[in-house]
Structure formats: C-alpha cells, structure tokens
Amino acid sequence: MPHLPHTLTGNVHVPAPINQAARDFAPGSDEALTLRKEIEKVAGEVRTLAHVIGGQRIESTDTTPIVSPHDHHHVLGHIPTVTDADIDAAIDAALAARPAWSSTPWFARVSIFLRAAELVTGKYRDELLATTMLGQSKTFHQAEIDVNELADFLRYNASLAEELYSAQPPRSTAGEVNYLDHKGLEGFVVAITPFNFTAIAGNLPATQALTGNVVVWKPSEKSALSSDVVMRLFEEAGVPAGVINMLHGSGEQVTTRAIAHRSFAGLSFTGSTTVFRHIWKSVANNIENYRSYPRIVGETGGKNAIVAHPTADVDAVFTALIRGTFEFQGQKCSAASRAYIPRSIWTLIENRLATTVATLPVGDPTDHATYVGAVIDEAALRRLQDAFDKASATPGHTILAGGTSHSETGWFVDPTVVVTEDPTSFVMQKEFFGPMLAVHVYEDDDWSATLDHVDGTSEYALTCSIFSTDREAITEALDVLRDAAGMTYINDKPTGATMGRQQFGGGRGSGTNDKTGSVLALQRWVNSRFVKETFAPATDWTYPYMGR
Ligand code: NAD
C-alpha cells in the first residue's frame, strides 16, 4: 500500500455530528417514488458478489444463492463460498496494509469515514435502502432508520475519535513531557457481523479501521447484499486496499482460521450468545500462541422486558408493547419479548392487544401497508413455530394472538402473544428473535416480587423498560434491575437507541457492554503507548541522603 501523505500540521476539529433525519416515505412521495425505481432495479438483477481481498474482487464458481425472505423463490444474487486460501490471503493483505495505515494521521482516517457517511446519505442511499428492504425484509421506515444509523455511526465515531485522541495526560511538569500515542492493535482484527442491521454491519469494521486497525470482515450471509454495497462505498470513500478485507461465507470457517493466527489481535462480534461463547472459548484455548492478548468485544442476545407498574399510563404501555415487540418482526436485539403487566392494566388492554396484534399487516415490506415483513430464513420460522407449538402444549400457557406461520411464498410468522401463568416459563427466558411477546400477568400487590422475576429469569441483560408514574416504584425498579439491563428505559419502549443520545450495550449474557456511541467503544481498539521525554536527564546516579 502506498504511503498516504503525512503533511497535516495542526489540531483539526471534526465537524459537530447531527443525526440524519428520517424521511416519511408516504405513498406517492418523491422519496418513495425514487426508491421504488431502485427496488425494481435491484429486484430485477442477480448479483454476483465477491470477496474483497487487498482491493481485489475474488469470485468463485462455488456459490450460495441469496434470496428475499418475503419471496424465497426470488434469487437476488450469489455469494462465493470461502476457502482457507481466501482467509489466508485476507489476513496477509491486512498485515501488509498495517504499517502505512497505522501511521496515517488520525484526521486523514477520520476524513475517509466522514466521506463514507456522505456516500451513505448521498450516492448509495437508495441502493442501501433497496438491498436492505429486499435482502433483510425491512419496511420503508425500518430500512430508512437503519441506513440513517450507518451515517450516524460514521459521523459520531469521527467526533468520538477526536475525543479519544485528545485524551492526554495532564500538563507535563517542567523538564519533561508525557504523552499517549493511541495506536491500533498490533496484528489484524476480525469483525463478524449479524444480519439484522446494515448499520451494525458497516459500523464494526469501520470503527476498527478508524482507530488504525486492519480488518478481516465477515458479514452475515443473510445480509450479504447490503454489506456488499457498504464495502463498495468504503472503497469509494478512500479506505485503502487491504485495510478492510471482506470475506463472505461460513462464519465458523473464517473465525476458526483467523483466530488460530499468531497475529490475531482482536474480535468485534455482534450476533448470538451461543456463537460468541464458542468463539471466546476457542480464543482462550489458543492463548499461548498469540503475540498479544486479543481484545474480545461482543454484543449478543437479549430477552428484553417491559415491566408495567399499576400506576403506568395504559396507552403508553400498549404502544410500547406493539412497537417494541413487532417492528422489524422482533428481530432487533433490543426488541421487547417478555412483559409483566399488573392485573388492573391487563383487564384494560387484553382485548385490544389481541385484536391489534392479530390484525398487524404482515407481508411484502415494499408494500406501504406492511408493518411486519418476513423473518430472515426458514430456520427462524421453524424456531418460532416450534416455540408456539410448545407453548400451546404446555399447561398454563395461552396463545392470545397469532401462533401460526406461512412458508409458501416467504418466511412469514404471524405476530404472536403468549400469556403464561408461570413467570419463569421458557417463553419468559429464551430469546426467540422474532415477532413473539410472552406476557405474565401479576397481581397488583406483587410489584416487588415481579421485579425479582424480571431480574432473575433470563440470562440476558440488554434492554428493559419500566412504566410507572410513581417515583418510588421507578426508584425501586432502577435499584432491583441495576444489573438486569445495559439500557434501561423509563416510560419508553426498549428499542430505538440513537447515536449521540443513548449509548448502547448490554451485560451478563448480552455482551461485553462496551457502549457503542461512547468513546469506550473506540477505546477497545487502541493499544496506547505512553511516552515520557526528559529534557535534562540525570547525570549523577547517587542521592543526597547517601552523603557522597
Ligand atoms: P448469528 O450468531 O447467527 O450470526 C452472527 C454472525 O456470526 C454471522 O456473520 C455468522 O455468519 C457468524 N457465525 C455464525 N456461526 C458462527 C460460528 N460458529 N463461528 C463464527 N461465526 C459464526 O446471529 P444473527 O442471526 O446474524 O443475529 C441475531 C443475533 O444477534 C441475536 O441473538 C441478536 O440478539 C444478536 N444481536 C445483538 C446485538 C447487540 O447489540 N447486542 C445487535 C444485533 C444483533
């Protein structure tokens, strides 16, 4: 890789970031009409995706089809399978790019990603939206907030990078100077990304590269179409060849080979808890072989609760249950999937919940009327249908709405509410990652015991919503649920964290809680060197107390 010019002198300030405003996409609006043309274009193509290694596009004759979840007979493209030689080539390309990239001034790196943000909201906006809608089955609104979030990540992280690099020791004392050289990790890092957010897919490798690292990125095979667009816009923005290398195909194959390498320096993973634990164990088993201790960052599953106190605003609880559970088919890590409702409120909302959930529009997300698209693949549909069937067959469980699925055209799972008498039931514990809400109705006097159930029932600690108008009840819930969620919402739904406002991450089985949206998330990718320079070094080794 050629050296980028290092001629910048001066402490440059990054532009103040602002959140990209979401457009409405009302039927017939300019933005909807333009996007519809792009949807038709993408839908009419069969794209051949390639690995991107050292700036070269590597195709394969051995491929897997990409289909649309809501129309699984519709092939949108093909991804290449990955070979060990591809993985080795990606690692070699990353390591070759490291010397120049890690010594590129931080502002030059930041500028590349700020340009990428402009490409996200400019030239590539409609293509990102169309590939996200067709490939991941997102509605106009869900795709728009996802793509906007990618621009937000890039812009806010640029600003956080300035904060990171400004972090220096206090003013040095006379005769010496002290400073921190915030360099990237020694070796290469790996980004393994999930299917559910185009924004997360782009953010993980971008954050690592922004902080001076060289990356092997393995996007989800279930969102390859939009990840391919993200990679192309990174290249167009000026990310040098070899800095981010994208490999499609098996996550297990890429990860197993990459983490066996002596120069493996870190992993940024977002996905399921089981996979993350498996990778962590493999890294631990290889610990003697590494040059450095690898940094392991993981954001994983959730079993997010909405807990209502008898004083809660009934309409606010109802709206949070619908929006928090069913948007994007419940396939947000932060989606509500268990609710604890007091009897007095349940009698007011039970029928309304049954009717509304049963009539939520399910279908093709490119149809404006759709609220719920298809789940990502057949395995997801089977997992949810199995849970509905098990709940139906388990005493003390009632299917209030839904409980069915349809797989002829797409992987459609009907929005479902399961009411359980058992606050520790499997439906209150396990992540099913789909349009399914488990409800436990508690007696109004049992608030404190209910909070203990919220805290103790699931292994996860990602998001949680508390609804109440009683300050004492809110305070008690905040105390009891302190470790139960990395993100706690009071009188709001548990989804929709926004860059620059909420800092996202969860603890326990939900992740290493490194708070995307804060400088902490960038900090994990630097390996700082401390430098002390003395201007008039000591020249006498003795001390006065020695009397010499
Ligand atoms: P997943 O774990 O199936 O896949 C995630 C990535 O890991 C993909 O790129 C996949 O190819 C790869 N992978 C799969 N098996 C692997 C293995 N054995 N070794 C190495 N890599 C492997 O998850 P998903 O279905 O893409 O995403 C859904 C999950 O992600 C849910 O559990 C959700 O809660 C979680 N998620 C969490 C957050 C968060 O911020 N906490 C955000 C988004 C998604």
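In what follows, every heavy atom counts, from backbone to side chain, and hydrogens, waters and symmetry copies are set aside. Counting convention: from 1, in listed order, for ligands and their atoms alike.
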**Report entry** Closest protein heavy atom to atom 1 (P) of ligand 1, given as residue, atom name and distance to 0.1 Å
**Finding:** S272 OG, 3.7 Å
Report summary line: of all protein heavy atoms, closest to atom 10 (C) of ligand 1 is E221 OE1, 3.8 Å
Query raised in the report: Got an N/O contact under 3.5 Å between T270 and ligand 1?
Result: no
Requested in this report: For atom 36 (N) of ligand 1, grab the closest protein heavy atom and report residue, atom and distance to one decimal in Å.
Outcome: C333 CB, 3.5 Å
Requested in this report: Would you kindly say whether Q429 and R338 are connected by a side-chain donor-acceptor distance under 3.5 Å?
Outcome: no
Query raised in the report: With a 3.5 Å cut-off and no angle check, do the side chains of Q142 and K332 form a donor-acceptor pair?
Result: yes
**Report entry** Distance-only side-chain donor-acceptor flag, T420 / D422, under 3.5 Å
**Finding:** no
Report task. Consider only side-chain N and O atoms of T270 and E299, and report whether a donor and an acceptor are under 3.5 Å apart. Result -> no
Report task. Any chance you could measure Q56, atom CD, to N245, atom CG, to the nearest 0.5 Å? Result -> 11.0 Å
Query raised in the report: Short list, please: which atoms of ligand 1 are under 4.0 Å from a heavy atom of F269?
Result: 2 (O), 7 (O)
Query - Among E299, E431, K303, closest by any non-hydrogen atom to atom 31 (C) of ligand 1 - result: E431
Query - Crowding at CZ, R323 (>12 non-hydrogen neighbours, <6.0 Å) - result: no
Query raised in the report: For atom 21 (N) of ligand 1, what is the nearest protein heavy atom, given as residue, atom name and distance?
Result: G251 C, 3.3 Å
**Report entry** Proximity to ligand 1 by part of I376, non-hydrogen separation under 4.0 Å
**Finding:** neither
Query raised in the report: Short list, please: which atoms of ligand 1 are under 4.0 Å from a heavy atom of I200?
Result: 42 (C), 43 (C)
Report summary line: Among non-hydrogen protein atoms, atom 41 (N) of ligand 1 lies closest to T300 O, 2.8 Å
Query - Sequence-distant partners of V357, side-chain contact (heavy atoms from CB on, under 4.5 Å), two or more places apart - result: I322, F326, L353, A401, P415, V417
Query raised in the report: What's the shortest distance from atom 27 (O) of ligand 1 to any protein heavy atom, and which residue and atom give it?
Result: P194 CB, 3.6 Å
Report summary line: Output for pair (M133 CE, H141 NE2), nearest 0.5 Å, gives 12.0 Å
**Report entry** Proximal atoms of ligand 1 relative to K222 (non-hydrogen, under 4.0 Å)
**Finding:** 25 (O)
Query raised in the report: Counting each atom of ligand 1 from 1 as listed, which ones have a heavy atom of N196 under 4.0 Å away?
Result: 43 (C), 44 (C)
Report summary line: When rounded to the nearest 0.5 Å, the distance separating CH2 of W217 from CD of Q208 is 11.0 Å
Query raised in the report: To the nearest 0.5 Å, what is the distance between SG (C333) and CZ (F433)?
Result: 6.5 Å
Query raised in the report: Short question: side chain of S68, backbone of L134 - any donor-acceptor pair under 3.5 Å?
Result: yes
Query raised in the report: Looking only at protein heavy atoms, which one is nearest to atom 8 (C) of ligand 1, and how far off is it?
Result: T193 O, 3.3 Å
Query - Any residue meeting side-chain contact (heavy atoms from CB on, under 4.5 Å) with D92, in chain and number order, not counting sequence neighbours - result: none
Requested in this report: Please state whether F197 comes within less than 4.0 angstrom of ligand 1, counting heavy atoms only.
Outcome: no
Report task. Run the contact test for Q331 against ligand 1 with a 4.0 Å cut-off on heavy atoms, strictly below, and give the result. Result -> no
Query raised in the report: Under 4.0 angstrom from atom 15 (N) of ligand 1, is there any protein heavy atom?
Result: yes
Requested in this report: Would you mind checking which non-hydrogen protein atom is closest to atom 35 (C) of ligand 1, with the distance to 0.1 Å?
Outcome: G271 O, 3.2 Å
Report summary line: Check: of N304, T255, V275, min heavy-atom distance to atom 13 (N) of ligand 1 comes from V275
Report summary line: If we number the atoms of ligand 1 from 1 as shown, the ones under 4.0 Å from a heavy atom of I192 are 6 (C), 7 (O), 9 (O), 12 (C)
Query raised in the report: For ligand 1, which atoms sit closer than 4.0 Å to a heavy atom of E252?
Result: 16 (C), 17 (C), 18 (N), 19 (N), 20 (C), 21 (N), 22 (C)
Query raised in the report: Cut-off 3.5 Å, side chains only: do R155 and T121 have a donor facing an acceptor?
Result: yes
Query raised in the report: Is F195 close to ligand 1, meaning an N/O of one under 3.5 Å from an N/O of the other?
Result: yes
